[in-house]
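Worth knowing before you read on, the calculation uses all heavy atoms, side chains too, and leaves out hydrogens, waters and symmetry mates. Both counts, for ligands and for their atoms, begin at 1 and track the order of listing. The shown structure was predicted, so the numbers you read here are calculated from the model rather than taken from an experiment.
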Amino acid sequence: MKTTAVHPLLTLLLVGSMVFATSCTTQGKKGKQAPEPAVTGGAPAPMPTSAGIKDSYNRVPTNLPFIALTFDDGPHPTNTPRLLDILKARNVKATFYVVGTNAKRYPEIMRRIIAEGHEIGNHTVTHPNLSKMSADGVRNELRVCHDAIVSATGVAPRTMRPPYGAITSAQKSWIKQEFGYSTILWSVDPEDWKKPGSGTVASRLVSGATPGGILLVHDIHAGTIDAMPSTIDQLLAKGFKFATVTQLLAMEPTGN
Ligand SMILES: [Zn+2]
């Protein structure tokens, strides 16, 4: 028998992404897009101390109609800003699994991602196959990327995604212990990197989406960005709502 209890911070997280956004940003230029919930006096919104109960997720077990849109391998100098414009126009929040080398190269885009209420996760510094590496090698990949994200944005990443989805169970376990990161895989992969055309990318994402689903695409490909307006509009029309990965993780039932 399953309980339907949700994480106690769920309500707070869902109250408004503006709270989340402004608490996370170090250069809090507040827009006037949405009315601010009543968090005043400069008190930051409380953050969960740990994102995710388990070592690894392909999706989050919830019946709530939330999904996470995740973008890997950026930031990209032109495609990522274009994507951010599309997300902003629809008030959709996403998660970016950035590569450390790009994070160092494009710190302004990193800051824009955070300032607009999105989340950034760790996708290693050089995009290697972690499953074939020593523990020290993996540790260094994650640490350098972590530090690059903090250095650019002031905000620490709270989850990681292994390049190619390649990671061992043992690695997932010690990474969770050492870094606090759950390993975030995906439930829908439209294989956008094979450039099947933006219509195909959109239809694969829309048909694959389920509650708690994690959608994988790459913001380094122009065709993927082209697919986003139609993808997002169709998903919204089907009743889905968008959460960042840690917001989605907070929806996992805490009982069992
Ligand atoms: Zn990647």
Peer 1: Using the rule that two of Ile, Leu, Val, Met, Phe, Trp, Tyr join whenever any of their side-chain heavy atoms come within less than 4.5 Å, decide whether I67 and F96 are in one cluster.
Peer 2: yes

Peer 1: Hey, any chance V125 and Y106 share a hydrophobic cluster, counting ILVMFWY side chains that come within less than 4.5 Å of each other, even indirectly?
Peer 2: no

Peer 1: Less than 4.0 Å between a side-chain N and a carboxylate O, is that true for D85 and R112?
Peer 2: yes

Peer 1: Side-chain contact test, heavy atoms from C-beta onward, threshold under 4.5 Å: evaluate it for F242 versus L235 and give yes or no.
Peer 2: yes

Peer 1: Shared ILVMFWY cluster between L84 and I225, side chains joined below 4.5 angstrom?
Peer 2: yes

Peer 1: Tell me how many protein N, O or S atoms are within a distance shorter than 2.8 Å of the Zn ion (ligand 1).
Peer 2: 3

Peer 1: Counting only heavy atoms not in R90 (residues, nucleotides, ligands), do more than 12 fall under 6.0 Å from its CZ?
Peer 2: yes

